[in-house]
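Everything on this sheet refers to the single structure shown next.
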Amino acid sequence: MPRRPPTATADVPSTAVEEPPLLSNAEIARILHEIGDILEVKGEVVYKTVAYHRAADEIARHPVEVARAYREGRPPTIPGVGKAIAEKLEELARTGRLAYYERLREEFPASLLALLEIPGVGPKTVKLLYEQLGIDSIEDLRRAAEAGRLRSLRGFSAKAEQSILAGIAALERRPGRMLLDRAATHVAAIEGALAGTPGLRRLVAAGSYRRRVETIGDLDLLAETDEPEAVVERVTTLPEVERVLGRGSHKASVVLRGGPQVDCMIMPPGAAGTYLVHFTGSKAHNVRLRARARDRGWSLSEHGFLRLGPDGEPLAGAEAELRTFATEAEVYGFLELPYIEPELREDRGEIEAALAGRLPRLVERSDLRGDLHCHSDWSDGVHDIATMAEAARRAGLEYIVLTDHTVSLAIARGLDPARFAAQRAVVAELNARYEAEERDGRIPPGGSPAGFRILHGCELEIRADGSLDLPGEVLAGFDLVVASLHVGRRQPRERLTARVLAAIRNPHVDVIAHPAGRIIGERDDLDLDWDAVFEAAAEAGTALELNGSPHRLDLSAERARQAVAAGCLLAIDSDAHRTTEFSHLDWGVSQARRGWVEATSVVNARSRAELLAWAAGKADRGG
DNA sequence: GCCGTTTTCGGCCCGACTGTTTTCAGTCG
C-alpha cells in the first residue's frame with residue numbers, strides 16, 4: 001500500500017518527502033552480520049549472535065527484495081526473523097538507517113571486526129586485545145605481535161604471537177570462495193594423490209561441495225579407513241600443502257598452496273552414516289536432526305547416536321549405548337525420516353516435506369535428453385559445429401540446439417540472417433550424415449544414443465531499446481530461439497523488466513537464457529521485477545534457463561524454486577563454448593536440485609519430438 | 001534473538017584440536 005506523504009502544505013514541495021534509497025538484501029545482510037560480530041565481541045549470549053547471523057544468511061539468499069517488501073507494507077515471512085529483527089528491518093527499509101546498529105558502531109570500531117577474519121582469532125581474543133592493548137585493526141595487531149607486546153597478556157606467549165602473525169599472512173594470501181568447477185578440480189587432485197594409501201577404503205568429498213553450494217570455501221573430505229595414521233600422514237605431506245593447521249588421530253587440516261583449506265576427517269569402517277550426515281551439513285539441517293534425535297531419547301553426533309539417560313545426558317560407562325550405521329539412509333531411517341538428498345539439506349523446508357511425504361523427486365543428469373544452449377566457432381565458441389555435436393553425443397545427449405549469437409552482439413561476432421542461412425545448410429548436412437550412419441547401422445563413436453540431431457537456433461539479443469535483434473520472419477525459421485540480455489544492464493528496473501517481458505511474450509522466443517545476468521562474485525543480478533517475470537513466463541509458456549556455467553548458475557537455486565512454484569518451465573543448459581563445457585550440465589542439474597526442481601518442469605528432459613512440438617505450439621499460439 | 005507434534009518459557013548440537021591457565025578456555029566446523 002503506498003504511503004501517504006505527511007499532511008501536505010503548500011510550502012512543502014513533494015520532493016521533500018522523497019524516500020531514502022532502498023537497501024539491497026546483500027547490504028541488509030552485511031549490517032546484520034556486523035551486528036552479530038559486534039555482539040560476539042561484546043560477549044553477548046552466543047544464541048543472540050547466532051540469531052543475527054542466521055537472519056543475515058536467510059535475507060542474503062531470499063528471492064524477494066526484503067527492503068522493498070517492507071516498504072510496500074507486505075513483509076515476507078523469513079525463517080530466523082522474529083519480532084526484534086523484523087522491527088530492525090522495518091527501520092532499515094523505511095529510513096535506510098538503524099539506530100541500534102549505529103550505537104554498536106560507536107562502541108566498537110568497524111575495523112575491529114576485521115580481526116575476527118584472522119584464523120585462530122575469535123571474539124574473546126578480539127575483546128581482550130581491544131580492552132587491554134587498544135588494538136583495533138589488523139595493522140595494529142601485526143605491529144604489537146612483531147614488537148612482542150602480546151605476551152604480556154594472560155594466556156599469550158611468544159608462540160601465540162608467531163601464530164597470530166602466521167594467521168595474518170594466511171589471511172592476506174587467502175583466495176576467495178571457489179566456484180564449483182575449481183573445487184571439483186581440487187577434489188579430483190586430492191583423490192588421485194590419496195589413492196593407494198594403506199587401509200583407505202573410500203574418500204568422500206562432503207561439506208558444501210557435496211551439497212553443491214554455488215561457491216565453496218573449504219573442502220571437507222571423509223576418509224573411511226583401517227589405518228587413520230596413514231591417511232593423516234599422507235594428507236599432511238601432500239606436495240600441494242603449504243601449511244599444516246593441525247593433525248590429530250581423527251582429523252588433519254591443511255592449506256593448499258594458493259588454494260583452499262582442506263579438512264580431512266577419519267571415519268571408522270562400517271560407521272560412515274552419521275559421519276556423512278554430520279560433515280555434509282548444513283549446520284542448520286544438522287541442528288534439526290539433532291533436535292529430532294533428542295526428542296527420541298538419543299544424542300546425535302558424527303560418531304553415532306548415544307542413548308540419553310533420565311537426566312538428559314548420554315548414558316556413560318557400562319550403561320553407554322552407541323548406535324552406528326553404515327549408510328545415511330539408515331541414519332534418516334532411525335529418525336523416522338526418508339532419505340534426504342544432500343542438495344536439499346539446508347533447513348529450507350526439507351524436514352517438513354520429508355515428514356509429510358512430500359519430498360520432490362529431484363531431476364537428475366540422466367533425465368536430460370538435450371541441451372538448448374551452446375555455441376560454435378561461427379560466433380564466440382571455440383570448436384566447429386561437427387566437433388561440438390560429437391562432444392554432445394559422447395555426453396549422452398540426443399540433441400543440441402546450436403544457438404550462436406545474433407548480429408548486434410558484435411563482440412561475440414554475432415551472425416546476420418545470411419550467415420544463419422549458411423549455418424543452417426551446414427547443420428542440415430551434418431544431420432543427413434547422422435541419418436545415413438544410422439541407416440547403415442554404423443554405431444556412433446562413443447556408443448552414444450542413436451538418432452542424435454542438431455537443432456538450429458540462435459541466442460537472440462534483447463537490445464537496449466527493448467527490440468529484438470532479428471525480425472519475426474527470420475525467427476520463424478529456427479527450430480528454437482533462446483533470448484538473452486547482455487547490454488543496457490544498468491537501466492532502471494521498469495525498463496529492464498519491460499525488455500525481458502517483451503521477449504518472454506514474443507511467440508518466437510522459447511527460452512530466456514541466464515535471466516538474472518549475473519556473474520558470480522563479479523556482476524550482480526539484473527534489477528528485475530521477478531514476480532512479473534515469473535508470472536509472464538508461466539502465462540506465455542516461455543521457459544527460463546538455469547544456465548549451468550559455474551560462474552553463472554543463473555537462475556539461482558532459490559529463483560528456480562520460485563519460478564517453478566509460479567508455474568514456469570525451466571531449461572537446464574550448458575552454454576558450452578567448447579567441447580569440454582557440456583559438463584556444465586552437471587552443475588546446472590545440481591543447482592536445479594537445490595531448487596527442488598523435478599524433471600517434469602524441465603523442457604530439455606523431453607524427447608526431441610516433444611520439444612519441437614512444444615516450440616512449434618508456442619509460435620502458432622502467438623500467431 | 002528465535003521458536004513450539006511435550007513447551008509462549010526455557011531451551012538452543014556436539015566434539016576435536018591447540019596452547020598452556022596443570023584442568024580448561026578458545027576456536028573451529
Side-chain angles (χ1 to χ4, degrees), chain A residues 32 35-36 39-41 43-58 77-89 100 115-129 150-151 153-164 166-167 206-208 217-222 228 232 236 244-254 261-266 274-275 277-306 308 312-314 322 335-336 347 351-352 355-356:
Chain A
L32 294 183
I35 291 173
L39 293 177
E40 276 183 49
V41 173
E44 260 293 358
V45 286
V46 64
Y47 298 111
K48 190 162 162 177
T49 71
V50 167
Y52 276 98
H53 289 302
R54 157 122 205 260
D57 286 336
E58 291 290 345
T77 304
I78 303 170
V81 174
K83 186 162 175 289
I85 294 182
E87 279 169 8
K88 293 180 175 70
L89 293 178
Y100 176 67
L115 298 180
L116 291 170
E117 300 292 312
I118 303 170
V121 175
K124 297 286 196 298
T125 307
V126 170
K127 185 177 166 74
L128 187 70
L129 292 169
L150 301 184
R151 64 191 72 172
L153 293 173
R154 179 178 164 77
F156 278 79
S157 63
K159 192 167 180 185
E161 287 169 346
Q162 289 313 307
S163 119
I164 281 184
S208 53
D218 304 339
L219 294 178
D220 297 297
L221 301 181
L222 288 175
V232 169
T236 50
V244 177
L245 297 174
R247 51 179 298 168
S249 56
H250 291 78
K251 80 179 267 199
S253 290
V254 299
Q261 177 175 330
V262 178
D263 297 322
C264 182
M265 270 71 62
I266 305 297
T274 46
Y275 285 84
V277 169
H278 177 88
F279 288 107
T280 296
S282 64
K283 191 180 287 185
H285 179 84
N286 287 353
V287 166
R288 295 292 304 273
L289 295 187
R290 289 204 157 102
R292 199 168 162 79
R294 193 155 268 278
D295 288 346
R296 285 168 168 63
W298 296 86
S299 165
L300 170 60
S301 80
E302 62 265 45
H303 305 302
F305 294 89
L306 273 174
L308 294 171
E313 292 296 312
L322 176 70
L335 293 171
E336 295 174 80
D347 191 20
I351 308 269
E352 291 76 5
L355 286 169

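A, B, ... follow the sequence lines: proteins, then strands. Residue 1 opens every chain.
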Which atom of A:Glu302 lies closest to which atom of A:Phe279, heavy atoms considered:
CB-CE1, 4.0 Å
Distance, C1' atom - from B:dG1 to B:dT5, rounded to whole angstrom:
24 Å
Once you round it to whole Å, what is the distance between P of B:dC12 and CG of A:Leu289?
16 Å
Using the C1' atom as the point on both nucleotides, what is the distance between B:dC14 and B:dC9, in whole Å?
24 Å
Checking A:Arg290 against A:His278: is there a side-chain donor and acceptor pair closer than 3.5 Å?
yes
Could A:Glu336 and A:Arg292 be called an ion pair, given the rule that one side-chain N must be under 4.0 Å from one carboxylate O?
no
How is A:Ser253 classified with respect to the nucleic acid when contacts are heavy atoms under 4.0 Å: base, sugar-phosphate, or nothing?
nothing
Return the nearest nucleotide to the side chain of A:Ser301; candidates are B:dG15, B:dG1, B:dT21.
B:dG15
Mind checking the C1' distance from B:dT18 to B:dT23? Whole angstroms is fine.
15 Å
Hey, is the side chain of A:Thr125 poking within less than 4.0 Å of OP1 or OP2 on B:dT27, counting only N and O atoms?
yes
For the C1' atoms, the ones on B:dG10 and on B:dG15, what distance do you get once it is rounded to whole angstrom?
24 Å
Length of the CZ-P vector between A:Arg247 and B:dT18, whole Å:
9 Å
Inter-nucleotide C1' distance (B:dT8, B:dC13), Å rounded:
23 Å
A:Tyr47 side chain N/O closer than 4.0 Å to the phosphate oxygens (OP1, OP2) of B:dG1?
no
Please give the distance between the P atoms of B:dT21 and B:dT27 as a whole number of Å.
16 Å
Check the phosphate of B:dC13 against A:Ser299, side-chain N and O only, distance under 4.0 Å to OP1 or OP2. Yes or no?
no
Taking all non-hydrogen atoms of both residues into account, name the closest pair between A:Gly304 and A:Thr274 and its distance.
N-OG1, 3.4 Å
5'-most by nearest nucleotide on DNA chain B - A:Ala158 or A:Leu300:
A:Leu300
Per A:Asp295 side chain, nearest of listed nucleotides B:dG1, B:dG15, B:dT6:
B:dT6
Of all the choices, B:dC14, B:dG1, B:dT6, which nucleotide is nearest to the side chain of A:Arg290 once you look at every atom?
B:dC14
Any strand, both distances under 3.5 Å, Watson-Crick or G-U wobble: B:dT8 pairs with none
How would you label the contact of A:Arg294 with the nucleic acid (heavy atoms, under 4.0 Å): base, sugar-phosphate, or nothing?
sugar-phosphate
Quote, to the nearest angstrom, the C1' distance that separates B:dT7 from B:dC2.
14 Å
At under 4.0 Å between heavy atoms, what does A:Phe279 touch on the DNA or RNA strands: base, sugar-phosphate, or nothing?
nothing
Report the distance from atom NE2 of A:His278 to atom P of B:dG29, rounded to the nearest whole Å.
12 Å
Distance check needed: B:dT27 P versus A:Lys251 NZ, whole Å only.
15 Å
Rounded to whole Å, please give me the gap between CZ in A:Arg154 and P in B:dG19.
18 Å
Which part of the nucleic acid, if any, lies within reach of A:Val45 when heavy atoms closer than 4.0 Å are counted: base, sugar-phosphate only, or nothing?
nothing
NA contact type, A:Gly82, heavy-atom cut-off 4.0 Å: base, sugar-phosphate, or nothing?
sugar-phosphate
Separation of B:dC2 C1' from A:Asp57 CG (nearest whole Å)
15 Å
To the nearest Å, how far apart are A:Gln162 CD and B:dT18 P?
18 Å
Just compare B:dC13, B:dT27, B:dG1 and give me whichever is closest to any side-chain atom of A:Ile85.
B:dG1
For B:dG29 and A:Gln261 - does any side-chain N or O of the residue sit under 4.0 Å from the phosphate oxygens OP1/OP2?
yes
Could you check whether A:Val46 gets within reach of a base, just the sugar-phosphate, or nothing at all, counting any heavy atom under 4.0 Å?
nothing
Minimum-distance pair of heavy atoms, taken over all atoms of A:Gly167 and A:Pro119
O-CD, 3.5 Å
For B:dG1, does OP1 or OP2 lie under 4.0 Å from any side-chain N or O of A:His53?
no
Looking at A:Lys48 and A:Glu40, is there a salt bridge between them, counting it only when a charged N and a carboxylate O are closer than 4.0 Å?
no
Using a 4.0 Å heavy-atom cut-off across all strands, classify A:Ile118 as base, sugar-phosphate, or nothing.
sugar-phosphate
Using the closest heavy atom to pick a nucleotide of DNA chain B for each, name whichever of A:Asn286 or A:Pro79 lands nearer the 5' end.
A:Pro79
How long is the line joining CG of A:Asp263 and C1' of B:dT27, in whole Å?
13 Å
Is a side-chain N or O of A:Glu161 found less than 3.5 angstrom from the main chain of A:Arg151, in a donor-acceptor match?
yes
Can you find a pair of side-chain heavy atoms, one from A:Leu128 and one from A:Phe156, that are under 4.5 Å apart?
yes
